[in-house]
Amino acid sequence: MDLIEELTWRGMIQDIMPGTREQLAKERTAGYIGFDPTADSLHIGSLVPILLLVHLQKAGHKPIALVGGATGMVGDPSGKSEERNLLSEETLNHNLACVQRQLEKYLDFSPSLPNAAEMANNYDWFRNMTFLQFIRDVGKHITVNYMSAKDSVRRRLDSENGMSFTEFTYQLVQGYDFYWLYTHKQCKLQMGGSDQWGNITTGTELIRRKSSGEAFAFTCPLITKADGGKFGKTEKGNVWLDPDKTSPYQFYQFWLNATDADAEKWIRIFTFLSRDSIEALLVQQRADPGARALQKSLAREVTEFVHGQAGYQSAIATTEKIFADQSAPAESLSVEDLESIEGIAKFDFPADKIGAGIDVVSFLAECGILPSKGEARKLVQNGGISINRRKIDSPQFSLTGDLLLHQKYILVQKGKKNYYLVRVG
RNA sequence: GGGCAAGUAGCCAAGUGGCCAACGGCAACAGACUGUAAAUCUGUCCUCUUCGGAGUUCGGUGGUUCGAAUCCAUCCUUGCCCA
């Protein structure tokens with residue numbers, strides 16, 4: 001099975017330029033994907049492009065990860081309904097460094113490999129380019145008509161928000177990246193999300209016109225959720241790849257909580273499991289959906305890929321402590337259990353305040369779990385708060401010293417899945 | 001520079017002098033049911049609250065009025081048309 005066949009089966013190909021498959025079969029090909037430094041960590045949305053590069057490398061081709069030091073200064077209008085805010089140079093550089101460090105984890109850069117991965121930053125070739133150079137050497141080759149025909153541009157032209165010249169130019173800047181990589185790194189392939197198709201074709205067009213060369217591309221579909229919601233969001237916001245921003249436990253939980261429909265699609269995209277193993281899992285899932293074989297494998301594979309064995313182990317350990325026996329009394333958790341539950345928020349609370357007894361509402365607000373008493377009260381009234389695994393049914397409920405686990409902990413739950421550990425001392 | 005239109009809560013969007021913290025929808029959070037799914041139903045959803053209320057909102061600023069998201073002036077932003 002060749003790369004394209006493999007990716008097609010996994011549901012990772014949306015558009016593909018004719019001849020791409022033949023090119024990949026013909027010779028070792030360098031292919032690139034651009035990553036925008038919009039934040040100081042990549043999130044799981046970027047996982048798909050990363051995986052594309054990994055698949056590319058596994059198939060013997062050379063992956064190039066491009067970070068957008070220059071394009072990040074412009075702002076990609078694709079998929080955006082409004083003009084983006086520009087990032088300051090300082091943030092940009094910080095983000096750039098972080099993103100680069102993350103990318104390095106997932107690809108093999110060993111110089112001994114014939115298809116060693118490479119990192120590039122388009123600021124390197126834009127830094128010294130003047131505006132006049134750009135409009136003469138790049139702008140001259142592409143008509144405004146061509147650029148305006150792109151979906152991402154047209155949608156914005158039709159909308160009432162309009163679009164700045166800066167963002168309009170974006171596709172040329174990205175297009176030039178491809179041209180530069182084509183001429184300097186013999187890079188003949190660009191990949192990306194399907195929203196990038198317009199930008200990508202500008203690149204191949206530029207290569208065709210400027211050096212009558214031939215370049216190829218394919219895109220993968222944007223990841224969606226069955227219910228139409230945004231992929232990669234939880235209550236706490238984005239799911240990041242950086243373990244300091246999203247702990248391995250939370251990361252694992254994100255995948256574990258996938259709906260059945262999503263898990264079926266995602267397991268093919270986000271894991272390297274073979275077709276046979278996935279089909280076996282699908283059969284299992286249908287036979288006993290409650291066991292969630294799909295979600296478990298999905299969560300395991302992705303967590304291991306991103307956070308390694310150790311990260312997965314700690315995620316599992318926490319999951320078991322929290323969910324293995326929901327009805328088990330909180331008292332059955334040992335000090336070690338409580339202390340080592342990774343990924344749950346920890347708070348401190350002065351012991352003397354509890355000595356005399358304190359009502360739940362004040363407690364929740366004062367220790368910082370909830371922002372205000374009003375909010376705490378509402379949640380309690382809704383039945384959304386449990387303490388030491390027992391549901392609190394009244395805002396008047398009073399916390400006293402004998403509730404402390406091991407004389408110093410209180411375990412708070414908001415809803416079923418959000419745990420907070422309060423250290424009293 | 002001239003003409004026209006628009007700017008309301010995270011988003012979409014109603015409201016066009018008092019009954020407006022502002023209809024409705026989406027998103028989000030919680031509850032019931034489940035499988036830590038989905039669907040459905042229910043509650044919450046500007047901030048604070050001793051749950052009685054209190055405070056701050058409808059692009060900004062000033063004004064008219066007993067009273068303004070709503071009227072007037074001015075400024076800002078955006079779009080369309082003309083120059």
Side-chain angles (χ1 to χ4, degrees), chain A residues 79-85 154-165 167-168 224-239 249-267 281-282 284-300 303 315-328 341 343-344 358-366 369-387 389-398 412-420:
Chain A
K80 299 282 186 306
S81 59
E82 275 179 25
E83 185 82 14
R84 295 209 320 202
N85 293 325
R154 210 162 41 198
R155 262 209 312 277
R156 286 282 294 277
L157 290 179
D158 291 343
S159 88
E160 57 175 41
N161 293 320
M163 172 184 227
S164 69
F165 178 70
E167 288 196 356
F168 179 63
T224 53
K225 294 210 300 183
D227 61 10
K230 273 203 194 76
F231 170 75
K233 295 271 188 194
T234 66
E235 185 204 345
K236 290 166 193 75
N238 279 323
V239 179
Y249 162 71
Q250 289 165 329
F251 187 86
Y252 177 82
Q253 285 288 321
F254 170 80
W255 298 101
L256 192 67
N257 280 310
T259 66
D260 292 7
D262 288 336
E264 280 187 28
K265 280 189 295 176
W266 294 354
I267 196 156
L281 282 168
L282 286 171
Q284 262 188 58
Q285 182 81 352
R286 260 170 235 135
D288 181 8
R292 292 180 304 148
L294 264 182
Q295 281 90 338
K296 282 182 184 159
S297 307
L298 171 67
R300 179 202 173 118
T303 308
I316 278 288
T318 303
T319 298
E320 268 165 16
K321 269 173 227 152
I322 293 182
F323 292 104
D325 188 0
Q326 285 270 24
S327 58
I341 298 179
I344 73 172
I358 181 169
D359 64 291
V360 236
V361 171
S362 313
F363 170 73
L364 291 170
E366 282 173 31
I369 292 177
L370 296 168
S372 74
K373 285 194 193 178
E375 209 141 305
R377 176 182 297 271
K378 279 172 197 156
L379 259 169
V380 171
Q381 278 167 344
N382 267 324
I385 294 291
S386 296
I387 291 204
R389 289 218 165 121
R390 269 181 288 274
K391 183 164 285 184
I392 302 303
D393 44 16
S394 148
Q396 274 80 46
F397 181 88
S398 174
V412 179
Q413 252 170 295
K414 170 179 162 265
K416 253 183 280 206
K417 302 174 195 169
N418 307 295
Y419 280 78
Y420 307 87

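Every chain is numbered from 1 and lettered A, B, ... according to where its sequence line falls, protein lines coming before strand lines. Below, each value reflects all heavy atoms present in this structure, side chains not excepted, and no hydrogens, waters or symmetry copies.
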### Query
Please give, in whole Å, the distance from B:G35 P to A:R286 CZ?
20 Å
### Message
Once you apply a heavy-atom cut-off of 4.0 Å, does A:G374 come out as touching a base, just sugar-phosphate, or nothing?
### Response
base
### Query
For the pair made of CD in A:E375 and P in B:C45, what is the distance, rounded to whole Å?
10 Å
### Task
Could you work out the separation of B:C11 and B:C51 based on their C1' atoms and round it to a whole Å?
31 Å
### Message
Does B:A30 have OP1 or OP2 under 4.0 Å away from a side-chain N or O of A:N418?
### Response
yes
### Task
Look at all strands and tell whether A:A291 reaches a base, only sugar-phosphate, or nothing, counting heavy atoms closer than 4.0 Å.
nothing
### Whole angstrom value for the distance that separates P of B:A30 from OH of A:Y420
8 Å
### Task
Using whole Å, report how far CG of A:D262 lies from C1' of B:A37.
10 Å
### Query
Can a side chain N or O of A:S372 be found less than 4.0 Å away from OP1 or OP2 on B:U49?
yes
### Query
Nearest to the side chain of A:K373 - B:U49, B:G35, B:U36?
B:U49
### Opposite nucleotide pairing with B:U47, Watson-Crick or G-U, both atom distances under 3.5 Å
B:A54
### Task
Taking the side chain as every heavy atom from C-beta outward, state whether A:K391 and A:F397 have any atom pair closer than 4.5 Å.
no
### Nearest-angstrom distance from the residue atom CD1 of A:I385 to C1' of B:C29
11 Å
### Message
So, taking the atom named CD in A:Q253 and the one named OG1 in A:T319, what distance separates them when rounded to the nearest 0.5 Å?
### Response
4.5 Å
### Query
Does A:K417 make a side-chain N or O approach to OP1 or OP2 of B:A37 shorter than 4.0 Å?
yes
Protein-nucleotides 40-43 of chain B N/O pairs closer than 3.5 Å?
| unit_1 | atom_1 | unit_2 | atom_2 | d |
| --- | --- | --- | --- | --- |
| B:G43 | O2' | A:N382 | OD1 | 3.2 |

### Query
Can you check whether A:K391 has a side-chain N or O nearer than 4.0 Å to OP1 or OP2 of B:A32?
yes
#### Entry: Whole-angstrom distance between B:A83 and B:A13, as gauged at atom P
31 Å
